[in-house]
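Heads up, the thing below is written out as structure tokens.
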Amino acid sequence: AYSAKNPYLYLLSSKSEDGSMSVAVANVNVDYAYDLTIKLDRSYSEIKCVGCETELRGDEVFISELSAYGFCAFEVKR
């Protein structure tokens with residue numbers, strides 16, 4: 001997983017044997033981050049998130065807002 005053009009956004013991802021992927025997202029900046037797009041390795045059909053509102057569209061996850069020094073996480077499944 002990666003997010004282009006967001007130098008203060010840190011991603012930590014892990015893929016499970018069943019093909020699901022978990023991603024932790026941290027905004028390490030004093031400013032809010034808006035309209036984030038996270039590109040995944042393939043298309044997924046289901047998402048569960050904690051700490052933010054997300055929208056899954058195939059191989060991309062959209063996060064509308066992440067607070068300053070904020071953190072969220074999500075899991076995507078096939």
Side-chain angles (χ1 to χ4, degrees):
Y2 69 93
S3 182
K5 300 179 184 177
N6 294 298
Y8 297 106
L9 195 69
Y10 284 70
L11 304 176
L12 179 64
S13 61
S14 176
K15 200 154 186 189
S16 299
E17 290 180 14
D18 66 359
S20 64
M21 183 176 6
S22 299
V23 180
V25 182
N27 176 20
V28 293
N29 195 350
V30 297
D31 296 320
Y32 274 66
Y34 296 100
D35 302 322
L36 302 171
T37 300
I38 297 172
K39 185 80 170 165
L40 305 174
D41 63 333
R42 64 177 306 279
S43 289
Y44 291 88
S45 62
E46 183 183 340
I47 188 167
K48 293 179 186 177
C49 63
V50 147
C52 61
E53 292 184 24
T54 59
E55 182 181 341
L56 174 64
R57 290 189 211 148
D59 65 345
E60 294 182 321
V61 173
F62 299 95
I63 300 173
S64 60
E65 176 181 293
L66 194 56
S67 65
Y69 299 106
F71 174 86
C72 71
F74 62 85
E75 179 186 40
V76 287
K77 294 184 178 183
R78 291 182 180 194

Straight-line distance of Ser13 OG to Phe74 CZ, nearest 0.5 Å: 8.5 Å
Nearest atoms (heavy-atom pairs only) where Ser3 meets Leu11: N-CD1, 3.7 Å
Distance, nearest 0.5 Å, that separates SG of Cys49 from CD of Glu75: 11.5 Å
ILVMFWY cluster, Tyr8 and Tyr10 together (side-chain gap under 4.5 Å): yes
Heavy-atom neighbours of Glu53 CD exceed 12 at 6.0 Å: no
Same cluster (ILVMFWY, side-chain, under 4.5 Å), Val50 and Leu40: no
Side chain proximity check, Tyr44 to Val61, heavy atoms < 4.5 angstrom: no
side-chain hydrogen bond (donor to acceptor under 3.5 Å, both in side chains) contacts in which one or both residues fall within residues 59-70, not counting sequence neighbours: Lys39-Asp59
Distance (rounded to the nearest 0.5 Å) between Asn27 CG and Phe71 CZ: 12.0 Å
Separation between CG of Leu56 and OG of Ser43, rounded to the nearest 0.5 Å: 8.0 Å
Where Cys72 and Cys52 come nearest, the two heavy atoms and their spacing: SG-SG, 2.8 Å
Beyond-backbone contact of Met21 with Arg42, side-chain heavy atoms, under 4.5 angstrom: no
From OH (Tyr2) to CG (Leu9), nearest 0.5 Å: 13.5 Å
